[in-house]
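Chain naming here is simple, since letters A, B, ... match the order of the sequence lines and numbering starts at 1 in each. This one's a predicted model, so the numbers in the text were calculated from it and none came from an experiment.
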Number of protein chains: 2
Amino acid sequence: MLDARKKNVLLAIVQDYIATAEPVGSRTIARKYKLGVSPATIRNEMADLEEMGFIEQPYTSAGRVPSDRGYRYYVDHLMKREELTLDEEKMVLNSYLTKVQDVGEVLRRTGNLLSQITNYTAVVLTTHYGKGTFRHIQIIHMGPGQAMVVLVSDSGAVQHRIIDVPDTIGPDDLDTISRVLNHKLQGKSIKNIRLTLIKEIYFELARQKHVLNMAMDLIQESLTVKTGEKVYLGGIFNILNQPEFHNVEKVKTLLSLLEQEKELSNIIEGVFDARGVTVRIGEELDNERIKDCSVVMASYGMDGKPVGGIGLLGPTRMDYARAYAVVEYITSNLSLVMERLLRGRGK
Amino acid sequence: MLDARKKNVLLAIVQDYIATAEPVGSRTIARKYKLGVSPATIRNEMADLEEMGFIEQPYTSAGRVPSDRGYRYYVDHLMKREELTLDEEKMVLNSYLTKVQDVGEVLRRTGNLLSQITNYTAVVLTTHYGKGTFRHIQIIHMGPGQAMVVLVSDSGAVQHRIIDVPDTIGPDDLDTISRVLNHKLQGKSIKNIRLTLIKEIYFELARQKHVLNMAMDLIQESLTVKTGEKVYLGGIFNILNQPEFHNVEKVKTLLSLLEQEKELSNIIEGVFDARGVTVRIGEELDNERIKDCSVVMASYGMDGKPVGGIGLLGPTRMDYARAYAVVEYITSNLSLVMERLLRGRGK
DNA sequence: GTTAGCACTCTATTATATTGAGTGCTAACA
DNA sequence: TGTTAGCACTCAATATAATAGAGTGCTAAC
């Protein structure tokens, strides 16, 4: 599609612009990147590239800047693989070495790590992991007329909720209900909790219909896939180091986006279907507020199944090669850590 | 300490500066605030006020700006009480009306509410609430060699952790342990879990020493006061509307602070000893990074005991009267909501 | 097809006035 | 003695003009 020289010119433009944040001109290319041709020739090539939509001019007689399309071509065809330095790898490993008991803690740490290494903003997303099968329920008496339902799923997710109960119900009643539910629902997934089963339970616990309904509500909700989605951010302020965010207005729109977990998870969620690292550039993100940002992301998971995603958010001018390497390295490690932490679950 | 006219001049300066963010001059005061004296007289007063340290000049021959000390005097002696509009009160009530089951959800909502009404950044802090007494423990089998300890305290806080257990221990063993622990520890606070009691339990469950230790760890940690502290932020980007944050450097230091929960909770924690609304201005915050910010905060609680705090963070030039009113109104409402949500607990 | 040369464009930078709000001081006034 | 008008002075902010410099597109020669 593009001849070798055009590729080289485009590559030079992208690399230089990523490094300097300044529009790059023909002269610079000729000097820094030895293509063996004169600036004039490069100018001709640049005119062609511009016409093809790979680069653009901020204004007449400035240097050229890659367009979204140009970055896309770079990422798909020109980018050279990078590796982390040994120090950096060590840093990652260290960060995961310190023992943690909590999935949330791991993900928080991942967010910080990502942004610390790259100086971009990190977004870490978990979905409900595990197969959504029931493991344990406990209804605990908390005071007159109040109880707490605690539910544990096979993935190790714990959900709890305070519910009102009739004053006449005592701790022992709740215990009985818990026992029956545990017995009947053991290992069942939400789909497999069939109507007959529920009827059975209702029959057995006819008197506690009200309590039962609320408990079933929580079970239903907890085992449904969407629940338990959570977003962790790291290094929000890091992105302010990028010159493109020296304008406070831009910072504002970005922050307002980052505050909305829904939007963020929508962006990252796209990655679950893909394998490996996904790069989404500028308008491809399909979100007005970050139309001049890019995201480099990948999913992490257990046994090959994604349970969440991590992403690096930067300006479209971000260092894709590096972000790619970091995201790749960290997802694979994170997957390992998650597997270790939740090993044996969901069999 | 200050005669009536000086007070009036200081009041005028503070009010005008809060409203306009521009240094205020003698002429403006004479025109806008009818003190019945000429600019020249006001200039003399201003010279005095400056010498006393209540106001300062950004540079020779600019208007005057209140100093931290000036704001302090304003807040302590000059500020007029404000009330929320009916619409705003309705907004608050509405926000708390929608039913929620989860304390976290309430606090998150409070953060958003605070920042939405005031356009400042909201910080909401919870501490471990309740008396720190034990309510229920459950150890659940999660797979070979793995179990989950779930602990519920009287405050309704739920904590959980995955632990390794010997492969030989099965679901039933864990159940037994749970039962014994529940029976022995029922209603005990961490202080009251005496050594004799622990020995008793160990004796009874001699074979499961390992599991027991880990469970006791979690109990200890959960019932200790510090645990369960959590910070919710609302409207981070709101503060960027303030002209003092048009400088990206400032935004950066502020954001880097907001990302560190520890620092934030240190700031807010100070409020637990005080009653009512506390205002901390500039250097009083004793934190280099926000030395030109102020915080208006108060604690919310149950039965008069604080269980957390809310704060509004703005530039020192913030609208104290309004922030005061909002914080006051919302804490009292929040306290009610929390009591309703956790009613009957900890008796 | 490539390149040197050159006129042209447009931003960024620097230098230079100009404006205007505000002050402090002095001297007159009640 | 406290208040006020008047005035010279200061200094940031704004506007204006001049200059420099990077880069382009085009043409003509190689």
Side-chain angles (χ1 to χ4, degrees), chain A residues 2-10 12-17 19-67 70 243-244 246-247 317, chain B residues 2-10 12-17 19-67 70 243-244 246-247 317:
Chain A
L2 290 182
D3 65 58
R5 193 165 66 196
K6 281 200 176 47
K7 281 186 189 173
N8 281 331
V9 172
L10 180 54
I13 292 175
V14 173
Q15 282 182 346
D16 207 77
Y17 188 61
T20 65
E22 297 291 333
V24 359
S26 55
R27 201 187 166 66
T28 317
I29 295 179
R31 207 176 345 105
K32 281 211 245 175
Y33 307 80
K34 327 226 159 204
L35 305 189
V37 288
S38 77
T41 311
I42 292 175
R43 276 205 287 285
N44 289 331
E45 299 289 21
M46 282 162 87
D48 291 353
L49 284 170
E50 180 162 15
E51 198 171 355
M52 290 187 247
F54 290 111
I55 55 180
E56 34 197 47
Q57 255 177 318
Y59 49 85
T60 333
S61 82
R64 301 306 211 291
V65 158
S67 65
E244 20 273 284
H246 271 27
N247 171 351
R317 189 187 57 78
Chain B
L2 289 182
D3 66 58
R5 193 165 66 194
K6 281 200 175 49
K7 281 185 188 172
N8 280 331
V9 172
L10 180 55
I13 293 175
V14 173
Q15 282 183 346
D16 207 78
Y17 187 61
T20 65
E22 297 291 333
V24 358
S26 54
R27 201 187 167 67
T28 318
I29 294 179
R31 208 176 345 104
K32 279 211 245 174
Y33 307 80
K34 328 228 156 201
L35 306 188
V37 288
S38 77
T41 311
I42 292 174
R43 275 205 288 284
N44 289 330
E45 299 288 23
M46 282 162 88
D48 292 352
L49 284 169
E50 180 162 16
E51 200 171 354
M52 290 188 250
F54 290 111
I55 56 181
E56 33 197 49
Q57 255 175 319
Y59 48 86
T60 333
S61 80
R64 300 305 210 294
V65 159
S67 65
E244 19 274 285
H246 271 28
N247 171 352
R317 189 187 59 76

Q) Paired with C/dA28: which nucleotide, if any, by Watson-Crick or G-U wobble criteria at under 3.5 Å for both distances? A) D/dT3

**Q.** Side chain proximity check, A/Leu10 to A/Lys7, heavy atoms < 4.5 angstrom
**A.** no

Q | d(NZ, B/Lys6; C1', D/dG2) in whole Å | A | 12 Å

Q: State, with a plain yes or no, whether a side-chain heavy atom of A/Thr41 is found less than 4.5 Å away from one of A/Arg5.
A: yes

Q.
Whole angstroms only, please: what is the CG-P distance between A/Leu35 and C/dG1?
A. 19 Å

Q. Charged N to carboxylate O under 4.0 angstrom, A/Arg64 versus A/Glu56?
A. no

Q.
Side chains of B/Phe54 and B/Ile13, heavy atoms from C-beta outward: is any pair under 4.5 Å?
A. no

Q: Determine whether B/Tyr17 and B/Glu22 make a side-chain contact, defined as any pair of heavy atoms from C-beta on separated by less than 4.5 Å.
A: no

Q) How many Å lie between CD1 on B/Ile29 and P on C/dA21, as a whole number? A) 16 Å

Q. Roughly how many Å is it from CD in B/Glu22 to P in C/dG22, rounded to a whole number?
A. 9 Å

Q: Could you please name the partner base of D/dC30, counting Watson-Crick and G-U wobble pairs only when both distances are under 3.5 Å?
A: C/dG1

Q: For B/Tyr59 and for B/Val37, find the nucleotide of DNA chain D with the closest heavy atom, then tell me which residue's nucleotide is more 5'.
A: B/Val37

Q. Looking at A/Asn8, A/Thr28, A/Asp16, which one forms a side chain to side chain donor-acceptor pair (under 3.5 Å) with A/Tyr33?
A. A/Asp16

Q: Encode nucleotides 21-30 of chain D as B, S and - characters from 5' to 3', where the letter depends on protein heavy atoms closer than 4.0 Å: B to the base, S only to sugar-phosphate, - to neither.
A: --BBB-----

